[in-house]
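By convention here, the first residue in the shown sequence is residue 1.
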Amino acid sequence: MTKIILKYLPALFAIASAFLSGCSKGYDPDPDFLASDRIMLKIGGTEKMVYAPDNCQIGFNRSLKQFRVCNDNMSEYYILTCNALPVEVGQNITCSLKYASGASSYIRGNLSFRVEKMDAEGNIRLWCKDKGIGVGVCLLN
């Protein structure tokens, strides 16, 4: 019995390696998202919501480590709640994300984001490689 197992062991390793190499390693940050300075939510390459100053509001709660973006009638919004405030590029933080638009809604917790970009105006680009989610927020004073 042991000889049979040893005979097929290399083939099993080869099959396992093929499966593992075919697994998704995540999504690289979207270049268009990183180049933009707009406050927005992008999931799977699609812009789900973009802040427009004429009909949207943004909010930030430092003690809750929470960023909120909504339109004036609250039919569209996203809320990003973080375990730490983004303070430097390269920082990894865990966040929960709530998003709603009409009949669509999206709620996810324990998302791992990397701070990809920050500027002097407080604009921050966060990217979740596992899910292909980009969140643009503004660190208001």
Connected via hydrophobic side-chain network under 4.5 Å: Val137 and Leu140: yes
Closest heavy-atom pair and its distance - Phe60, Cys138: CB-O, 4.2 Å
Heavy atoms of other groups near Lys117 NZ, more than 12 under 6.0 Å: yes
Asp32 and Lys42: CA distance, side-chain angles, deciding distance, side-chain contact (heavy atoms from CB on, under 4.5 Å) verdict: CA-CA 10 Å; Asp32 292 335; Lys42 196 167 190 176; 4.2 Å; yes
side-chain contact (heavy atoms from CB on, under 4.5 Å) partners for Glu121, two or more places apart: Asp119, Asn123
Summary of ring pair (Phe, Tyr, Trp, His ring centres under 6.0 Å) pairs that have at least one residue in residues 73-97, sequence neighbours excluded: none
side-chain contact (heavy atoms from CB on, under 4.5 Å) evaluation trace for Cys95 with Ile93: CA-CA 6 Å; Cys95 305; Ile93 57 177; 3.8 Å; yes
Intermediate values then yes/no, side-chain contact (heavy atoms from CB on, under 4.5 Å), Ile58 and Ile39: CA-CA 9 Å; Ile58 57 174; Ile39 296 171; 4.0 Å; yes
Contacts of type ring-ring contact (aromatic ring centres under 6.0 Å, His included), residue Phe33, not counting sequence neighbours: Trp127
Spacing of Met118 atom CE and Leu126 atom CG [to the nearest 0.5 Å]: 8.5 Å
Any pair counted as side chain to side chain donor-acceptor pair (under 3.5 Å), so long as it reaches residues 81-99, sequence neighbours left out: Gln66-Thr81
Atom of Tyr27, atom of Asp130 and distance for their closest heavy-atom approach: CE1-O, 3.6 Å
Gap between atom CD1 of Ile124 and atom CG of Leu139 - 0.5 Å precision: 4.5 Å
For residues 47-54, please give each side-chain donor-acceptor pair under 3.5 Å, one per line with the distance, not counting sequence neighbours.
{"residue": "Glu47", "atom": "OE2", "partner": "Arg38", "partner atom": "NH2", "Å": "2.5"}

Nearest non-hydrogen partners of Asp72 and Gln57, listed with the distance: OD1-NE2, 3.4 Å
Separation of Asn73 CG from Asn55 CG (nearest 0.5 Å): 8.5 Å
Which donor-acceptor pairs under 3.5 Å do the side chains of residues 100-115 make with protein atoms, sequence neighbours left out?
{"residue": "Ser101", "atom": "OG", "partner": "Glu76", "partner atom": "OE2", "Å": "3.3"}
{"residue": "Arg114", "atom": "NH1", "partner": "Glu116", "partner atom": "OE1", "Å": "3.1"}
{"residue": "Arg114", "atom": "NH1", "partner": "Glu116", "partner atom": "OE2", "Å": "3.3"}

